[in-house]
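Okay, so here's the structure we're looking at.
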Amino acid sequence: IQEEVKQHYKKFMRQHVFGAMNVQRCDSEIRTRRITGSQTDNSCKEVNTFILANNNQVKAVCTGGGTRLPENRDFYISNKSVPVVTCTLISGERHPKCEYRGHRSTRRIVVGCAGDWPTHYEEGVIV
């Protein structure tokens, strides 16, 4: 695995994969994991989704457990629905003073893959 891909994969896992996540933990997890809207300005991220699964379950979307999207060849949609917690910003502008509302749902997820490695969560796709 290339170093750049490894860094993207680690960031993806830190920001989006947490099996024990629940709707009450949005503020604390986003703060602890230092998830911000941009690398440079510490802004609050508008929306962040946590996938309630383990690393291998998410990685499987890139290695046979997902279907490639025709409009973007590096994006895969999971074949099965998975539970997620979506944290939406309700107040605050700068980390760590960001407040979120959590919402739990079950849906198919879309991830960007670099080979076998998930490196991007596609927030806008609800299936």
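One-based numbering along the sequence shown.
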### Identified side-chain contact (heavy atoms from CB on, under 4.5 Å) counterpart of Arg104 within the set Asn22, Leu52, Val84
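So the option named by the test is Leu52.
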
### NZ or CZ of Arg25 within 45° of Phe50 ring axis and under 6.0 Å
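Checked: cation-pi criterion not met.
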
List the atom of [X], the atom of [Y], and the distance in Å for their closest heavy-atom pair.
X: Val17; Y: Arg33; value: O-NH1, 3.7 Å
X: Ser43; Y: Ser38; value: OG-N, 3.7 Å
X: Val85; Y: Met21; value: CB-CG, 3.9 Å

Measure the shortest side-chain to side-chain distance between [X] and [Y] over non-hydrogen atoms and say whether it is less than 4.5 angstrom.
X: Ile35; Y: Glu29; answer: no
X: Cys113; Y: Asp74; answer: no
X: Ile30; Y: Cys87; answer: yes
X: Lys45; Y: Tyr100; answer: yes
X: Gln57; Y: Lys80; answer: no
X: His103; Y: Thr49; answer: no

### Task
Take atom CD of Gln7 as the centre, draw a 6.0 Å sphere, and report whether it contains more than 12 heavy atoms from other residues, nucleotides or ligands.
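Above 12, so yes.
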
Any donor-acceptor pair under 3.5 Å linking the side chain of [X] with the backbone of [Y]?
X: Arg94; Y: Asn42; result: no
X: Thr63; Y: Asp116; result: no
X: Asn55; Y: Met13; result: no

### Query
side chain to side chain contact (heavy atoms under 4.5 Å, CB included) with Arg101: which residues, sequence neighbours excluded?
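If we apply the side chain to side chain contact (heavy atoms under 4.5 Å, CB included) test to Arg101, skipping adjacent residues, the hits are Ile90.
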
### Query
Between Tyr9 and Trp117, how do the two ring planes meet: parallel, tilted or perpendicular, split at 30° and 60°?
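Aromatic pair Tyr9/Trp117 classed perpendicular.
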
